[in-house]
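Comments concern the structure below.
Read the numbers this way: they start at 1 and go in the same order the structure lists the ligands and their atoms.
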Amino acid sequence: MTTSRSTAEWQALDAAHFLHPFTDFQSLAARGSRVITKADGIWLTDSDGQRILDAMSGLWCVNVGYGQQALVDAATQQLRELPFYNAFFQTATPPAIELAALLAEVTPPQFRHVFFAGSGSEGNDTVVRMVRRYWDLMGQPQRQVIISRVNAYHGSTMAGASLGGMSGMHAQGGLPIPGIVHIQQPYWHEHGRHLSKDEFGFVAARWLEDKILEVGPDKVAAFIGEPVQGAGGVIVPPATYWPEIQRICDRHGILLVSDEVITGFGRTGHWFGCETQGFRPDLMTFAKGVTSGYLPLGGVMVGERVARVLIEHGGEFNHGYTYSGHPVACAVALANIRLIQSLGLVEHVRDDVGPYLAERFEALRGHPLVGDVDTCGMMAALLLVKDKTDGTPFTPDLGLGMVCRGHCFREGLIMRAVGDRMIVAPPLVMTRADVDHMMDLIHRCLDLTLADARAHGWLA
Ligand SMILES: *Cc1c(COP(=O)(O)O)cnc(C)c1O
């Protein structure tokens with residue numbers, strides 16, 4: 001185990017050696033990081049002993065909450081029995097085989113095969129190579145282009161960040177890589193306020209068709225999207241959007257890829273977000289919730305349309321990772337999925353705590369700062385606006401979202417700010433009483449933020 005140190009000692013050692021992901025290294029060194037030392041249920045504890053309600057499930061992944069003994073036992077037993085063996089060269093391990101079969105059971109019926117990776121980013125790299133390989137084998141090698149969306153998040157490897165539509169990421173490292181293009185996101189507030197949400201859903205889906213026609217339908221390999229954009233700010237598309245996307249992909253024979261890294265394993269009230277949003281993908285990326293984050297694991301569910309071609313005509317697929325099908329990660333995933341089943345968590349989200357979260361968020365519309373709310377299962381967002389009557393936003397450089405996030409931090413609530421969208425994605429095991437507790441904290445932080453905005457004269 002690690003040595004016990006004071007917070008100041010941890011921070012000094014951290015700043016001296018640890019380059020954190022998505023972090024301004026200098027400002028972290030100046031302010032010091034918050035060191036999380038333990039967790040139980042939905043609560044974190046930091047090195048000062050403060051308890052913090054984790055409304056982000058770690059990083060969208062701890063679906064079953066912290067401290068689940070079944071997952072600890074599964075890992076411990078597998079570590080003793082067989083800590084590692086690979087799945088290259090015609091070998092396999094029991095947990096990887098069992099998990100592949102269980103995934104085929106809980107995913108939609110078109111999925112019977114899985115390709116394992118170590119993370120969501122690696123899963124999406126696999127998607128890029130696999131869809132291009134599929135079209136080669138289909139005798140259409142000119143189908144190379146993958147269409148994605150602005151403000152999508154698909155990971156941070158070269159292909160993952162290229163598929164993603166984050167301009168700040170593209171600006172570093174010469175991205176996107178060739179053959180990846182983007183259309184606008186289905187964000188009603190920015191692009192559709194003059195339309196009803198349903199009308200806007202059709203309009204936003206037609207941007208895909210426009211892009212297909214611009215690129216040339218015979219050159220497009222696939223379209224990829226998150227059923228509900230997570231890191232982009234919990235952007236829930238209108239109900240008309242995904243079914244129309246499906247029709248457009250079908251019309252042009254284009255593969256449809258659902259990035260379920262956040263929306264998988266019960267987050268939206270169905271096993272997968274595509275079921276909630278009403279579409280039928282050919283490929284599905286997963287990670288995060290597959291192990292509830294207890295160990296790293298990701299992969300791609302491969303629908304029969306693609307799997308049959310790869311299996312029957314593909315020969316060797318020259319792709320894979322040392323940790324594809326890691327036995328300990330797979331053992332934890334098995335325990336995690338069985339726990340989701342035995343606790344009935346998908347139904348809990350769909351019928352009980354998800355609707356309750358939606359009801360409590362809807363009520364936030366009464367708050368002077370809240371211009372809109374969006375929810376889907378255990379994902380929710382509220383938008384801070386300057387003028388509720390017409391939805392006028394605050395000037396971005398005020399950074400009101402970050403002001404609000406600062407209050408959350410001090411009040412013991414992990415809530416994320418994406419611009420002026422304040423978002424949560426709490427553990428699925430939350431009870432209604434837990435939601436009440438979280439909402440009390442959210443109210444308090446909104447009131448503190450309102451007081452700041454008034455003091456600075458930022459309100460309309
Ligand atoms: C987190 C995330 C990824 C990347 O997963 P990593 O495990 O961080 O590589 C990909 N897609 C979506 C939708 C995500 O939220």
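- Formation of a donor-acceptor pair under 3.5 Å by the Asn124 side chain with backbone atoms of Ala159 is not found in this model.
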message: salt bridge (Lys or Arg N to Asp or Glu O under 4.0 Å) for Asp73 and Arg338? Distances and angles first, verdict last.
response: CA-CA 13 Å; Asp73 291 343; Arg338 287 176 182 145; over 6 Å; no
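- Interface of Ile262 with ligand 1, defined as ligand atoms under 4.0 Å from a residue heavy atom, comprises 15 (O).
- Taking Arg193 as the reference, His189 meet the side-chain hydrogen bond (donor to acceptor under 3.5 Å, both in side chains) condition, with sequence neighbours excluded.
- Considering backbone and side-chain N/O of Asp259, one or more are found under 3.5 Å from N/O of ligand 1.
- Nearest non-hydrogen protein atom to atom 15 (O) of ligand 1 is Lys288 NZ, 2.7 Å.
- Using a 4.0 Å cut-off to heavy atoms of Ser119, the atoms of ligand 1 that qualify are 7 (O), 9 (O).
- Counting heavy-atom neighbours within 6.0 Å of Gln69 CD, excluding the residue itself, gives a total above 12.
- The contact set between ligand 1 and Glu226, taken as ligand atoms under 4.0 Å from a residue heavy atom, comprises 13 (C).
- His154 C, 3.5 Å is the protein heavy atom nearest to atom 10 (C) of ligand 1.
- Counting protein heavy atoms only, atom 12 (C) of ligand 1 is closest to Tyr153 O, 3.4 Å.
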message: Checking His252 against Glu209 for the side-chain hydrogen bond (donor to acceptor under 3.5 Å, both in side chains) test, could you report, in this order, the C-alpha distance in whole Å, the side-chain angles of both residues, the deciding distance, and whether it holds?
response: CA-CA 9 Å; His252 297 285; Glu209 185 134 52; 2.6 Å; yes
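- Between Gly155 and ligand 1, no pair of N/O atoms sits closer than 3.5 Å.
- Using a 30° and 60° split on the angle between ring planes, His170 and His182 fall in the tilted class, from 30° to 60°.
- Counting atoms of ligand 1 from 1 in the listed order, those under 4.0 Å from a heavy atom of Ser121 are 4 (C), 5 (O), 6 (P), 9 (O).
- Counting only N and O atoms by type, the side chains of Asp282 and Tyr134 include no donor and acceptor under 3.5 Å apart.
- The protein atom (non-hydrogen) at minimum distance from atom 5 (O) of ligand 1 is Gly120 CA, 3.3 Å.
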